[in-house]
Amino acid sequence: MSVIPRLRFAPSPTGLLHIGGARTALFNWLYARRHGGVFVLRIEDTDTRRSSEDLVAGILSGLRWLGIDWDEGPGVNGPHGPYFQSARLENYRVAVDQLVASGHAYFCFCQPEELKERREAAQAKHAGWMYDRACLHRSDKALAQLKSAGIPHAIRFKVPKGRTRFDDVVRGSIEVDNATIDDFVILRSDGRPTYHLSVVVDDVDMAITHVVRGDDHTSNTPKHVLLYEALNAPPPKFAHVPLIFGADRKRLSKRHGATSVAEFQHMGYLPDALVNFLALLGWSPGEDREMLTRDAMVQAFTLEGVSGGNAVFDQKKLDWFNSRHIELLQADEIIDKIQPLLEESRLWREEYASVGDSRTWLASIINLLKSRATVLPDFIEYGRPFLVDEVTYEPEAVKKRLLVVGLADHVAALREAYAALEEDRFDSSSLERVLRSIADSRSIKAGVLIHATRVAMTGTTVSPSLFEMVELMGRAKTTSRLKALEQFLAEQPPLDSLS
RNA sequence: GGCGGUAUCGUCUAGGGGUCAGGAUUCGUGGUUCUCAGCCACGCGACCGGGGUUCGAAUCCCCGUACCGCUACCA
């Protein structure tokens with residue numbers, strides 16, 4: 001007996017795809033992929049005021065970027081569509097009629113403002129508040145009168161007496177006394193369903209077998225179970241996963257910096273790294289493994305491996321994952337990813353696009369920088385000296401590495417020696433040998449010349465290994481930058497005069 | 001206030017009646033070295049508190065505490 005699992009992610013397009021939502025989607029997707037199931041994407045857009053097409057598009061592209069694909073949903077027709085709640089209003093209507101007819105729900109003419117007042121008054125006294133079922137007890141005649149008078153009405157679910165329990169795959173058995181559950185509204189007076197009704201109706205219609213969602217819904221689940229029972233539908237398996245917080249253990253918000261998938265994309269994080277990091281927030285494969293490929297995650301994923309406590313989003317750790325995943329990429333893949341950034345910085349050249357010496361050269365630079373980059377834009381920053389015509393010296397670098405008596409002479413000697421090197425001997429080991437022998441013959445430390453040359457080449461005090469870098473810069477660029485340094489030094493006031 | 005949930009290094013976590021409580025990250029130190037990153041080595045660092053049960057509790061039970069969530073005609 002193998003029922004194909006059907007899972008879903010049901011975002012509400014009232015904002016960007018959030019990190020928390022992305023992880024929920026990921027867990028659903030992982031489970032579906034692990035068990036050969038179906039992953040459904042459903043858009044919960046009944047709140048037409050706050051929803052928009054742009055936001056829907058943003059969510060879809062965020063998921064695509066993360067590599068989370070769906071088997072049914074927007075753009076992918078399936079047997080259980082439509083996949084936008086705004087197009088399923090009729091289904092809710094039918095369900096409500098059924099619930100009213102079977103005595104599981106009733107009309108409520110109480111006005112929201114008045115209810116709100118009473119609730120707030122009760123809360124001010126630290127007392128609990130629940131709907132008093134005033135409308136449940138009205139006579140048929142009174143109800144008919146109110147209705148014909150055109151008073152707007154909502155429809156409430158009549159919570160039965162008793163206890164409601166369900167098994168949560170990550171939390172175990174959960175049970176509540178129905179007396180603690182309010183007769184919640186399932187259909188608003190404007191005819192729109194509330195969340196509780198629409199999720200259940202849709203999950204039933206879409207034959208969802210596993211509901212994996214955020215822990216903020218744990219407390220709502222008894223209501224949903226009651227709805228399943230009233231609708232005569234078997235409830236799915238539930239799994240409530242811990243929430244993600246900022247360092248202050250508050251829900252992730254603007255104060256914590258980036259919170260949406262799009263922001264991380266723009267900051268230069270890799271989807272594989274973000275997915276890897278997110279998967280491990282609240283889930284563990286149960287071994288001491290952290291660097292996981294998508295396939296490895298699919299293979300290892302279980303709902304039982306999801307832990308209970310809320311998790312803090314630690315961007316430092318994301319950085320680590322990103323560095324590691326960058327190292328896994330081929331230079332060519334990185335070039336493709338940073339092309340837009342290079343274009344933005346006006347550093348891109350057409351020759352890089354096609355196979356050839358230029359692209360190979362760029363790839364060599366990338367390989368030199370790979371272990372140093374934590375996010376994609378780092379390649380632009382560290383790679384800039386290779387790609388521009390001339391560099392400017394940072395004051396710090398000048399102060400630290402260029403204030404050396406006689407430096408201009410040493411640099412000139414180096415420049416001449418480098419200029420004299422045959423083109424095919426312009427390699428890192430020759431470059432190093434030449435530099436060291438010049439330093440020796442002039443009785444200065446090689447470091448002095450190395451550091452000064454680094455400033456000449458990059459304008460800064462940090463860079464990849466000098467000689468590999470110079471090799472890639474090439475003879476022409478190298479000698480001209482050394483020459484520029486000599487000129488710069490010549491324009492400086494003599495060092496002796498300072499003392 | 002009511003109801004539900006959670007609690008292991010700063011952070012993410014493994015484990016789970018007898019372990020030196022493991023890994024990762026961060027941080028610190030040393031090594032490699034021309035700087036930085038990387039890499040290697042080492043180090044700092046945790047079972048919320050109190051009661052039980054037990055020969056033995058971080059692990060099971062109860063209570064407390066803290067935190068989180070729900071308590072809307074939001075989702």
Side-chain angles (χ1 to χ4, degrees), chain A residues 10-12 14 44 46-47 50 108 110-113 115-116 119 122-130 152-156 168 170-172 174-177 179-182 184-190 192-196 198-199 213-223 240 242-243 245 247 249-251 277 280-291 305 307-321 323 327 369-374 378 382 397 400-401 432 435-436 445-451 453-455 458 460-467 469:
Chain A
S12 172
T14 53
E44 307 214 329
T46 51
D47 188 347
R50 292 199 292 153
C108 177
C110 298
Q111 297 309 299
E113 309 78 47
L115 256 20
K116 192 178 174 198
R119 185 187 315 121
Q123 277 165 357
K125 285 184 277 184
H126 290 290
W129 155 264
M130 267 203 255
H153 64 275
I155 295 188
R156 286 182 186 271
D168 189 291
V170 339
R171 297 174 195 284
I174 292 176
E175 186 171 346
V176 297
D177 187 339
T180 65
I181 305 174
D182 212 358
F184 52 98
V185 169
I186 55 176
L187 195 72
R188 298 182 177 87
S189 45
D190 63 4
R192 289 158 49 229
T194 59
Y195 168 74
H196 302 305
S198 57
V199 252
R213 58 188 3 172
D215 181 46
D216 47 346
H217 288 301
T218 309
S219 301
N220 289 324
T221 305
K223 290 176 189 156
H240 290 96
L243 268 16
F245 291 105
R249 297 201 170 268
K250 298 268 189 271
R251 277 176 126 144
F277 171 70
L280 262 21
L281 234 41
W283 171 71
S284 162
E287 311 158 37
D288 293 332
R289 282 200 303 166
E290 296 221 290
M291 279 296 291
S307 57
N310 294 327
V312 171
F313 185 94
D314 179 8
Q315 197 166 332
K316 280 256 180 59
K317 185 126 189 199
L318 205 212
D319 283 342
W320 177 79
F321 274 110
S323 314
E327 284 182 273
L369 303 176
K370 241 162 80 166
S371 68
R372 280 159 251 261
T374 83
D378 289 343
Y382 305 149
K400 198 167 168 194
R401 302 301 192 191
E432 176 159 12
L435 182 143
R436 286 188 189 281
K445 286 206 232 165
V448 171
L449 210 39
I450 287 172
H451 294 314
T453 305
R454 170 171 291 110
V455 177
T458 67
T460 73
T461 56
V462 299
S463 83
S465 170
L466 183 78
F467 303 107
M469 180 172 70

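Every chain is numbered from 1, with letters handed out A, B, ... down the list of sequences. All values reported here derive from a predicted model rather than from experimental measurement.
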Residue matched to [N] through Watson-Crick or wobble contacts both under 3.5 angstrom:
N      : result
B/rU35 : none
B/rG69 : B/rC3
B/rC27 : B/rG43
B/rA21 : none
B/rA57 : none

For [X] and [N], what is the distance between atoms [atom1] and [atom2] respectively, to the nearest whole Å?
X      : N      : atom1 : atom2 : value
A/I186 : B/rA75 : CD1   : C1'   : 17 Å
A/R192 : B/rC73 : CZ    : P     : 12 Å
A/K317 : B/rC12 : NZ    : P     : 10 Å
A/Y195 : B/rC73 : OH    : C1'   : 17 Å
A/D314 : B/rU11 : CG    : P     : 10 Å
A/K316 : B/rA24 : NZ    : C1'   : 15 Å
A/F277 : B/rU25 : CZ    : P     : 13 Å
A/M291 : B/rU25 : CE    : P     : 11 Å

Classify the side chain of A/T194 versus the base of B/rC73 as yes if they form a donor-acceptor pair under 3.5 Å and no if they do not.
no
Counting only distance, no hydrogens or angles, is the base of B/rA75 paired donor-acceptor with the side chain of A/T14 under 3.5 Å?
no
Does [X] reach a base, just sugar-phosphate, or nothing at all? Heavy atoms under 4.0 Å.
X      : result
A/S463 : base
A/L281 : sugar-phosphate
A/E290 : base
A/A311 : sugar-phosphate
A/G309 : sugar-phosphate
A/R454 : base
A/S465 : base
A/P11  : nothing
A/S12  : sugar-phosphate
A/G282 : sugar-phosphate

B/S/- along nucleotides 66-72 of chain B (protein heavy atoms under 4.0 Å) is --SBSSS
Take A/R192 and A/D190 through the test salt bridge (Lys or Arg N to Asp or Glu O under 4.0 Å) and record every step on the way to the result.
CA-CA 6 Å; A/R192 289 158 49 229; A/D190 63 4; 2.9 Å; yes
Say you pick atom P in B/rU19 and the same atom in B/rC34; how far apart are they, in whole Å?
49 Å
Any A/T46 side-chain nitrogen or oxygen under 4.0 Å from OP1 or OP2 of B/rA75
yes
I want to check one thing: is the phosphate of B/rA14, taken as OP1 and OP2, less than 4.0 Å away from some side-chain N or O of A/R289?
no
Which word best sums up how the rings of A/F313 and A/F277 line up, parallel for under 30°, tilted for 30 to 60°, or perpendicular for over 60°?
perpendicular
Partners meeting side-chain hydrogen bond (donor to acceptor under 3.5 Å, both in side chains) with A/D215 (sequence neighbours left out):
A/R171, A/T218
Side chain to side chain, A/K400 and A/V455, heavy atoms closer than 4.5 Å
no
